[in-house]
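To find a chain, count down the sequence lines: A is the first, B the second, and so on, and within it residues start at 1.
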There are 2 protein chains.
Amino acid sequence: MTPTKQHTSPSFRPLYEQIKVLLTQSLIAGEWHPGEAIPSEHELAARFKVSQGTVRKAIDELAAENILIRRQGKGTFVATHNEEGIKLRFLRLTAADGQKELLENQMVDFSKTKAQGDIARMLDLKAGTSVIEAKRLLTFSGRPMILDHIIIPAGPFKGITATKIQEKNGSMYSMYETEFKIRMIRAEERLKAVAADEEVSRLLGIPLHSPLLSIERVSYTYGDVPMEWRLGLCITDTHHYMNELE
Amino acid sequence: MTPTKQHTSPSFRPLYEQIKVLLTQSLIAGEWHPGEAIPSEHELAARFKVSQGTVRKAIDELAAENILIRRQGKGTFVATHNEEGIKLRFLRLTAADGQKELLENQMVDFSKTKAQGDIARMLDLKAGTSVIEAKRLLTFSGRPMILDHIIIPAGPFKGITATKIQEKNGSMYSMYETEFKIRMIRAEERLKAVAADEEVSRLLGIPLHSPLLSIERVSYTYGDVPMEWRLGLCITDTHHYMNELE
DNA sequence: GAGTGGTCTAGACCACCAA
DNA sequence: TGGTGGTCTAGACCACTCA
């Protein structure tokens, strides 16, 4: 599959974008695994019959999207949720004082159900498709902090169990990656403030109607395919959600 | 001031980073104004005695930081908060149904006070420095939605009045830019859920202890100098805060 | 058609890393 | 020392905009 340098416009696509697509296809096909190095820029340039600079620009963009990671002198690597420090990449909740903390994870509910309405739509599933539904309590340094409600399609995650979630100590994305070869690339979050209802206040050990930060998240794998819906209810008296605007 | 191509390392700095600094200095000095075009890449390459590709890389990064804006065929422009569509660049709150809405702005309080404790620290001011303090109510499509508490140093904003804030219909950053030549480049936000107290519930017209999304924001101008502290309390039954994670 | 940003090349050389 | 990513160049050509 050789990229074509199509000139004199009608529907012009830069070469480096075509390279980007080819690289992404290799990633999806599993040619290179998470944490591994991909071939050097020179090798890829030779393979695709383009200059090193063009490969470089393609990799630059994939690196900006956190799909690849450059390491000077060592190579370019496939991003993973498995490494220390990169774990919990999507967790924006930090303590007011910036302390490091112990994270624990307790399953509250685990069941197989059918996708309905909004959630089916957000996961791009037909209503009635089988889904796995889990509720868990996250504990920060011994204190209950987040009540998570997670829904994933049963098909791609065939064979998942409550135990598998427990084992990785709450790092779901790491588990998805190693157990199901599903890599989450990006996520969209919607935040609001809500009042704790009876069930939630009991589980989190807080008064009824306490204010909670509600974080609804849809995570996407390659090709912008939604693969997980999640609703986190967070106690935010000692913690807050950090965000940088540019 | 010619950039030096320093080779054989000790404390190596890429040429394009030096160019980036020079461009930023020109922006601070007011050589080019918001909304205006900067010189072409060729011109800048000639001025700085480097190749076009090197200037390009410097501009690329400034464009990624939303400090410059590229427009193919037209030129590269200094970013501004004044344009339609770019206005409210930092407002992440959107309606659940994505409707366009009318925004109104009503001043509740406007006074000159002294910076204290945490706020002085976050604005990088000595305790006791004069600051302007404003509270205002933002109304979306006729419904009270956000109660803003804003604090800015009095010095750089000498001559500010409640009227000036009202006039621009709530677009503070646009006003800062045109009236005080202060351009906000980026901001950090910390979100939590809180319960409405007596004053807040009265002003927003909601029951006492209703859950509110609290958005604390510090905005920075060139050189990472903090210039505004803001606390927004938002009703989030019909709206939510959107965020994209990569 | 002239001017601007955008793409692509081929090649040189540098900084960083590991063996 | 050799391989990798990172920088820089000089030049060609393309796509887009506007007069």
What is the distance from [atom1] of [X] to [atom2] of [N], rounded to the nearest Å?
X: B:Glu61; N: D:dC8; atom1: CD; atom2: C1'; value: 15 Å
X: A:Glu17; N: C:dT7; atom1: CD; atom2: P; value: 8 Å
X: B:Arg56; N: D:dA10; atom1: CZ; atom2: P; value: 17 Å
X: A:Leu44; N: D:dG6; atom1: CG; atom2: P; value: 13 Å
X: B:Lys20; N: D:dG6; atom1: NZ; atom2: C1'; value: 15 Å
X: A:Ile19; N: C:dT7; atom1: CD1; atom2: C1'; value: 13 Å
X: B:Gln52; N: D:dA12; atom1: CD; atom2: C1'; value: 11 Å
X: B:Gln18; N: D:dG6; atom1: CD; atom2: P; value: 19 Å

- Message: Could you walk me through whether A:Glu246 and B:Arg186 satisfy the salt bridge (Lys or Arg N to Asp or Glu O under 4.0 Å) test, starting with their C-alpha distance in whole Å, then the side-chain angles of each, then the deciding distance to 0.1 Å, before giving a yes or no?
- Response: CA-CA 5 Å; A:Glu246 281 197 343; B:Arg186 62 176 203 91; over 6 Å; no

- Task: Check step by step if salt bridge (Lys or Arg N to Asp or Glu O under 4.0 Å) holds for A:Arg121 and A:Asp118.
- Result: CA-CA 5 Å; A:Arg121 188 176 45 71; A:Asp118 278 349; 3.1 Å; yes

- Kindly say whether the aromatic ring centers of B:Tyr176 and B:His81 come within a distance under 6.0 Å. no

- Under a 4.0 Å heavy-atom cut-off, which of residues 67-77 of chain B touch DNA chain D? B:Gln72, B:Gly73, B:Lys74

- Does any residue of residues 30-41 of chain A have a heavy atom under 4.0 Å from DNA chain D, and if so, which ones, in number order? A:Ser40, A:Glu41

- Distance test, side-chain N/O of A:Lys57 to OP1/OP2 of C:dC8, below 4.0 Å: no

- Query: Counting just side-chain N and O atoms, does A:Tyr16 come under 4.0 Å of either OP1 or OP2 of C:dT7?
  - Reply: yes

Look at the side chain of [X] and decide which nucleotide, out of [options], has an atom nearest to it.
X: B:Leu15; options: C:dC8, D:dT9, D:dG6; value: D:dT9
X: B:Thr54; options: C:dT4, D:dT9, C:dG6; value: D:dT9
X: B:Phe12; options: C:dA15, D:dG5, C:dC8; value: C:dA15

- Task: Map B:His42 and B:Val55 onto DNA chain D by nearest heavy atom, then report which one ends up closer to the 5' terminus.
- Result: B:Val55

- Query: Between A:Lys20 and A:Glu61, which heavy-atom pair has the shortest distance, and what is it?
  - Reply: NZ-OE1, 3.0 Å

- Mind checking whether B:Asn105 and B:Gln166 have side chains closer than 4.5 Å, heavy atoms only? yes

- Task: Could you tell me whether a side-chain N or O of B:Arg136 sits under 3.5 Å from a main-chain N or O of B:Ile150, the two making a donor and an acceptor?
- Result: no

- Message: Could you check whether B:Arg70 makes a cation-pi contact with B:Phe77, meaning its NZ or CZ is under 6.0 Å from the centre of the six-membered ring and within 45° of the ring axis?
- Response: no

- Would you check, one step at a time, whether the test side-chain contact (heavy atoms from CB on, under 4.5 Å) holds for B:Thr80 with B:Glu177? CA-CA 8 Å; B:Thr80 174; B:Glu177 197 173 288; 2.4 Å; yes

- Message: Going by side-chain contact (heavy atoms from CB on, under 4.5 Å), name the residues that satisfy it together with A:Lys181, two or more places apart in sequence or in a different chain.
- Response: none

